[in-house]
Amino acid sequence: MHTDTKTFHSKITLAGSLIAIGIVFGDIGTSPLYTLNAVFHGKVITEAMALGSLSAIFWTLFFQTTLKYVIITLEADNNGEGGILSLYALIRRYFGKWLIFPAMAGAAFLIADGIITPPISVASAIEGVQSVNPGFNTVPYIIAILIALFVFQQFGTDKIGKIFGPAMLLWFGFIAVIGTMALSETPTVLKALNPYYAYKMLLLEPGGFWLLGSIFLCTTGAEALYSDMGHCGKNNIRISWIFIKIALVLCYAGQTAWLMNHLGETVGTLSPFYHIVPQPIFWLALIIATLATIIASQALISGCFTLINEAIRLDLWPRHLVLFPGNIKGQLYIPAVNWFLMVGCISMVLYFKQSTKMEAAFGLSVTLTMIMSTLLINFYLRAKRVPIALVSLITGSFICIEMGFLMANLQKIAEGGWITLLIGCVLFMVMFIWWKGKKTKNALTPLVSLENYIPVLKKLSIDESIPKFATNLVFLTAAKSKGKVEQNVIDSILNQGTPKRADIYWFVHVHVTNDPYGLNYEVDTLVKNDLYFIEFNLGFREEPRIDFYFRQVVSEMIENKEVDVSERREFQYQKNTIGDFKFVVRDSFLSFDNHMTFWKNFVMKSFYNLKHLSVKEEVNFGLDRSNLVVEKYPLIVSPCETTQLVRK
């Protein structure tokens, strides 16, 4: 890690803290709009439930957000970056490859929960209008806001991003003030900070345990808090969290005070949040809440882009076109994912229509994500040589808490939770099939030593009886060992039609590192002026522009006299010193000459179907199509048995 990256990541600044407030806490910061509404929806308010809910929320925020994520998990930074896939990339070098499964499951269910978060956040804010206009239809307005939000993604969030921090600072200040005002009427509710009240509600009240499914909503943004660590640094998040948590607790306490003053009643169709808003500033509160939910949704959408991009770099997801529309570090835009999320969010609004119904589907899948992250944190702490007894105590406590939340959330399956659960399972299967298919394909691609082919390639290079294919012929290879390439690459040069004659043969390997950022290369000269092997090392969040990088490397090598072009006659007619070059991309297809088991056949056919939906290799590696040749070759996974044919 570079010194400046270390400094950025550990330094506490006002700007960094403001960014953290604007980006990191959007999801968890808007939870007061709907959490207590979910707890008391359709139920009669009782003192035990009111005080027990506040107590459970306070201690959930302490254990799940403060202790697990802010104090412990933020330490697991991968060169300043966070998130479940960054965590997996950080520890996979120490432990078995089976950790890929909890990492894939956690990422899949986090994206699934991301489809329900923007609709419920925006809906919970807009539905406040119903307090002054009970028959107001919020659905068209929710959909319009969501469409505008997703359409805007392609232009980048540079300009609007500058208002995120101040706007969310206003939001947290606002909820703290109205919470304090409501709390001043019944300050005795603060006795609920005693965990006894949570215990009393969960274990002694009839059906109290099942309220955990709704109480869990107060901490659903905790995983996003870890994922967005790279934007502002872990210490800025920690300092900001002090202010955020105080604001959240005050707001929840204020709502509880209102509940205590309405015992024996129901909350009706309006969230307790809007019940504590003073009537003269209702419309101002509605505008601030709507803006906060839009910002929270924006942060979550950006988080999904980052998560998918990491999955692509780690070979866990089909490759998509990744664009960088803004100037903010790490900001990216994936069109296919953007429109998928938009369709998913709109479908949720049309299906559920009301935020109270959306709450039934909310939180179940992210509970699974938290369990997966706890499992990975267990191995991270072990890698850091934390005493095993302490590791067991820490992760065991989190697992017990999260399993309790999971059990309580299981009741949501029939009420709508099955939707996000199904989406999460489908996303996991996509990740698994792509990972397994890629692994199978790579295993069936034999590597050969280039040293064995140096004589024939040198001979071919100077054989003027064969037409020249290119001055520089460049092959992309997945071979990690220098001096080795796939057999099918050699077949492309020698055995596919007319041999491909070139002055220089270049073999390029792109290595995606465990670090999020970084760009360097190594050159291995196999035969000067004939064969070279280049390895590019890219961080998994770097944009691959291999065509551009390659030309830079060759120009530098010519300048350093590592490549001598002085004897080439055609260069006197060309303006550049590199000469012409062609990239050859080898693309496999599933051969008909396969006889596979049902499961293997399903995985491989699904893998190749996903390839049709993914971006082409030339686009993924940033290759200019004018310099490109794409060749197809068959992949045989399980050869058919030889059949004895009889000639008549």
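Partners of H275 according to the ring-ring contact (aromatic ring centres under 6.0 Å, His included) rule, which considers only residues two or more places apart in sequence or in another chain, are W258. Annotation: salt bridge (Lys or Arg N to Asp or Glu O under 4.0 Å) contacts of K412 (sequence neighbours excluded): none. Remark: F273 pairs with W171 by the ring-ring contact (aromatic ring centres under 6.0 Å, His included) rule, at least two apart or across chains. For E415, the side-chain contact (heavy atoms from CB on, under 4.5 Å) partners are A360, not counting sequence neighbours. W317 meets the side-chain hydrogen bond (donor to acceptor under 3.5 Å, both in side chains) test with H320; sequence neighbours excluded. Taking the ring-ring contact (aromatic ring centres under 6.0 Å, His included) definition, one finds that F58 meets it with nothing, sequence neighbours left out. Take K245 and apply the salt bridge (Lys or Arg N to Asp or Glu O under 4.0 Å) test, not counting sequence neighbours, and it matches no residue. Residues passing the side-chain hydrogen bond (donor to acceptor under 3.5 Å, both in side chains) test with Y69, sequence neighbours excluded: E223, S373.
Rounding to the nearest 0.5 Å places CD1 of I71 at 11.0 Å from CH2 of W241. Of the inter-residue distances, the one linking I377 atom CD1 with M372 atom CE reads 13.5 Å to the nearest 0.5 angstrom. A distance of 10.0 Å separates OG1 of T138 from CD1 of I145, quoted to the nearest 0.5 Å. Taken from OG1 in T367 to CG in L406, the straight-line distance is 6.0 Å, to the nearest 0.5 Å. Residue I312 holds its CD1 atom at 6.5 Å from CD1 of I308, rounded to the nearest 0.5 Å. If you take CG on L314 and CD1 on I100, they are separated by 7.0 Å, rounding to the nearest 0.5 Å.
Side-chain contact between E402 and Q64 is present, with heavy atoms from C-beta onward closer than 4.5 Å. For the pair I116 and M358, the minimum side-chain heavy-atom distance is below 4.5 Å. Proximity of L259 to F40: side-chain heavy atoms (C-beta onward) are separated by under 4.5 Å at one or more points. Contact annotation: the side chain of V24 never approaches that of N236 to less than 4.5 Å [non-hydrogen atoms, C-beta and beyond]. Using a 4.5 Å heavy-atom cutoff, the side chains of T30 and S124 are not in contact. Two residues are said to be in side-chain contact when any heavy atoms from C-beta on lie closer than 4.5 Å; P278 and I178 meet this criterion. A 4.5 Å side-chain heavy-atom check between Y34 and S355 finds every atom pair outside the cut-off. Between T256 and L36 the shortest side-chain heavy-atom distance falls below 4.5 Å.
In this structure, N309 contributes its side chain and F305 its backbone to no donor-acceptor pair below 3.5 Å. Panel note: side chain K436, backbone F607; no donor-acceptor pair is recorded below 3.5 Å. Proximity of a side-chain donor or acceptor of Y274 to a complementary backbone N or O of A125 within less than 3.5 Å is detected. The closest donor-acceptor contact from the side chain of E185 to the backbone of M181 lies at 3.5 Å or more, if one exists at all. Distance alone, capped at 3.5 Å, places no donor-acceptor pair between the T374 side chain and the I399 backbone. Side-chain atoms of S614 never come within 3.5 Å of backbone atoms of P318 as a donor-acceptor pair (strictly under, hydrogens ignored). Panel note: side chain T369, backbone L110; a donor-acceptor pair is recorded below 3.5 Å. The backbone N or O of G417 sits less than 3.5 Å from a side-chain atom of T420, completing a donor-acceptor pair. Checked by atom type and distance alone, the side chain of T66 never pairs as donor or acceptor with a backbone atom of F63 at under 3.5 Å.
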For a quick test of your reading: what N or O donor-acceptor pairs under 3.5 Å do the side chains of residues 41-54 make, sequence neighbours left out?
from	atom 1	to	atom 2	distance (Å)
K43	NZ	V39	O	3.3
T46	OG1	M49	N	3.2
S53	OG	M49	O	2.6

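Side-chain contact annotation: T186 with N261, donor-acceptor N/O pair under 3.5 Å present. A donor atom on one side chain and an acceptor atom on the other are not found under 3.5 Å apart for T60 and T219. Side-chain atoms of Q298 and S302 include a donor-acceptor pair closer than 3.5 Å.
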Show the numbers, then the answer: is there a side-chain contact (heavy atoms from CB on, under 4.5 Å) between I28 and L225?
-> CA-CA 8 Å; I28 198 169; L225 175 153; 5.6 Å; no
Worked check of side chain to side chain donor-acceptor pair (under 3.5 Å) between S297 and S121 | CA-CA 7 Å; S297 300; S121 297; 4.9 Å; no
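Screening residues 279-296 for side chain to side chain donor-acceptor pair (under 3.5 Å) gives no qualifying pairs among residues at least two apart or on separate chains. Pairs of residues two or more places apart, or lying in two chains, that qualify as ring-ring contact (aromatic ring centres under 6.0 Å, His included) and include a residue from residues 194-226 are F216-F405. The side chain to side chain donor-acceptor pair (under 3.5 Å) contacts involving residues 99-115 comprise D113-S365, where partners must be two or more places apart or lie in separate chains.
Side-chain rings of W339 and F150 stay apart, their centers remaining 6.0 Å or farther from each other. A distance of 6.0 Å or more separates the ring centres of F428 and F109.
Within a 6.0 Å radius of CZ in F432, more than 12 heavy atoms belonging to other residues, nucleotides or ligands are found.
In this pair, F172 and F25 present their aromatic rings perpendicular. The plane angle is above 60°, beyond the 30 to 60° band.
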